[in-house]
Participant: 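Encoded as structure tokens, here's the structure I'll be asking about.
A, B, ... follow the sequence lines: proteins, then strands. Residue 1 opens every chain.
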Protein chains: 2
Amino acid sequence: MEYKDRVEAALGKGTVRRRSDRPQAIISAAIRLVGEHGFANTRLEDVAEAAGVSKAAIYLYFESKEDLFFALVREGALPTVADTNAAVARHEGSLSDLLQEIILGIGHLMAHTELGTIVKIVAAEARNFPELVTYHRDEVVARAMTTISGVIEKGIATGEFLPCDARAQAALCIFPVLMNGIWMNSIGPDPSIVDPDALLKAHAETFIRGLAA
Amino acid sequence: MEYKDRVEAALGKGTVRRRSDRPQAIISAAIRLVGEHGFANTRLEDVAEAAGVSKAAIYLYFESKEDLFFALVREGALPTVADTNAAVARHEGSLSDLLQEIILGIGHLMAHTELGTIVKIVAAEARNFPELVTYHRDEVVARAMTTISGVIEKGIATGEFLPCDARAQAALCIFPVLMNGIWMNSIGPDPSIVDPDALLKAHAETFIRGLAA
DNA sequence: CGCAGGTGACTGACCAGTCAGTAACATGTA
DNA sequence: TACATGTTACTGACTGGTCAGTCACCTGCG
């Protein structure tokens with residue numbers, strides 16, 4: 001298939017020049033393919049085809065395969081952290097409700113959007129890219145942990161929750177959510193084993209009951 | 001370094017020919033390296049060197065790189081499932097104690113032995129090897145889920161636990177344990193974020209309290 | 001000697017990254 | 001309006017390095 005035909009197939013009839021949306025199209029294709037096959041096993045030629053460009057075009061926007069990889073990991077998780085912080089800041093009502101909202105909200109993103117793919121990618125490739133670990137530990141994990149353990153500590157202070165190690169509980173709050181996302185992106189949906197949404201609901205209930213005073 | 005020297009470095013002074021323990025040495029080396037770098041990024045030459053043999057020797061015991069891969073995944077998880085079933089069968093005492101024993105026992109293996117590496121490998125490579133998913137779903141996950149949900153159902157029957165969806169709770173029981181193992185094998189130990197053993201202890205407590213009648 | 005249990009050197013396929021070339025559009029010039 | 005000249009966005013063909021898998025030969029033990 002010729003270039004123009006490919007572009008039309010990917011974007012519909014029209015102009016051929018569309019610089020601005022290219023990087024995002026490439027990143028989206030890369031998230032999907034790297035999520036499926038891993039970094040080493042993903043061919044830049046396939047990313048290019050999925051994004052409707054040639055392999056060489058990727059090098060117009062990214063310095064190298066690794067550069068593209070860092071870009072997709074960076075862009076993939078930050079919005080969620082920011083959104084969660086915002087939701088916590090504007091929340092009114094009981095802290096149990098807030099925790100439930102966090103679990104179900106992030107849980108849904110993990111199970112059904114690119115976010116779960118990102119988490120799986122980070123886990124799978126961490127050892128190959130140490131900078132990735134540093135970045136994620138500081139920019140994503142530490143922030144998320146601070147936000148959630150803050151909610152739990154506040155609940156302990158108000159007497160809504162039993163006294164406990166808030167940091168450990170924050171980890172226990174998100175670990176099943178993360179695992180659910182990894183599961184969906186690896187083993188795939190299989191309700192006969194675990195139904196992801198039912199599991200999230202059960203987790204929210206059990207976890208909050210375990211915490212409640 | 002010559003062959004004999006390499007072998008001595010890997011195994012200490014002594015005999016050079018030891019057919020019987022070769023496959024296990026190769027598998028152990030492969031688990032470590034594949035766990036660190038992923039399947040595609042692990043060179044058979046490096047596996048060979050770590051096992052103290054030449055690359056060609058691997059082909060005396062395994063048909064292909066993929067064959068070795070399946071062998072390591074198969075050998076890696078089955079003993080744990082069998083051990084857990086045995087522990088459940090011979091257990092006397094409260095079901096809460098049994099659940100705690102399961103969480104801490106499997107949790108320790110996940111965080112500190114090859115088992116965690118295997119789980120990480122399966123999650124990372126699942127999409128590349130569909131047979132792997134089928135195998136693990138049927139031979140490992142389904143059995144483990146049956147065992148644990150059996151314990152929970154028994155607890156509901158005796159009145160020790162509240163009525164609930166036993167299968168979902170079984171998943172919630174092991175998900176944090178699995179995630180802890182993946183974490184240790186990806187991000188690595190970092191007590192400032194999560195101390196793996198403290199987390200397991202907290203999980204056992206909270207989870208059982210959430211379940212208790 | 002015979003042969004099980006190796007080895008080291010080799011090969012073919014694969015793929016990241018490069019580069020000379022081109023189609024589509026913009027701008028100036030008369 | 002008509003056409004030259006420049007620019008942007010992109011391509012197809014190529015190259016060099018890497019690695020799974022093969023093969024002809026080696027070596028110590030019974």
Participant: Using the salt bridge (Lys or Arg N to Asp or Glu O under 4.0 Å) criterion, which residues pair with A:Arg127? Sequence neighbours excluded.
Facilitator: none
Participant: Should the ring pair A:Phe69 and A:Phe39 be called parallel, tilted or perpendicular, given that the plane angle runs from 0 to 90° and is split at 30 and 60?
Facilitator: tilted
Participant: Quick one: which residue pairs count as a ring pair (Phe, Tyr, Trp, His ring centres under 6.0 Å) with a foot in residues 166-193 of chain A, not counting sequence neighbours?
Facilitator: A:Phe175-B:Trp183, A:Trp183-B:Phe175
Participant: Quickly work out the B:Asp21 CG to C:dG5 P distance and round it to whole Å.
Facilitator: 12 Å
Participant: From CG of B:Asp46 over to P of D:dT18, roughly how many Å is that when rounded to an integer?
Facilitator: 13 Å
Participant: Please list, chain by chain and in numerical order, all residues satisfying side-chain contact (heavy atoms from CB on, under 4.5 Å) with A:Ala142, sequence neighbours excluded.
Facilitator: none
Participant: Ignoring hydrogens, what is the shortest heavy-atom contact between A:Ala170 and A:Met145? Give both atom names and the distance.
Facilitator: CB-O, 4.2 Å
Participant: Starting at atom CZ of B:Phe69, determine the distance to atom C1' of D:dA20, rounded to an integer number of angstrom.
Facilitator: 16 Å
Participant: Applying side-chain hydrogen bond (donor to acceptor under 3.5 Å, both in side chains), which residue pairs with at least one partner in residues 129-142 of chain B are found, sequence neighbours left out?
Facilitator: B:Glu139-B:Arg143
Participant: In this structure, how many angstroms lie between the P atom of D:dC19 and the CD atom of B:Glu49, rounded?
Facilitator: 13 Å
Participant: Between the side chains of B:Gln169 and A:Thr206, does any donor sit under 3.5 Å from an acceptor?
Facilitator: yes
Participant: Summarise protein proximity over nucleotides 14-20 of chain C in one line of letters, 5' to 3': B for base, S for sugar-phosphate only, - for none, counting protein heavy atoms closer than 4.0 Å.
Facilitator: -SBBBB-
Participant: For A:Ser186 versus B:Val133, what's the shortest heavy-atom pair and its separation?
Facilitator: O-CG2, 4.4 Å
Participant: Please report the end-to-end axis angle for the helix from C:dC1-D:dG30 to C:dA30-D:dT1, five pairs per end, rounded to 10 degrees.
Facilitator: 10°
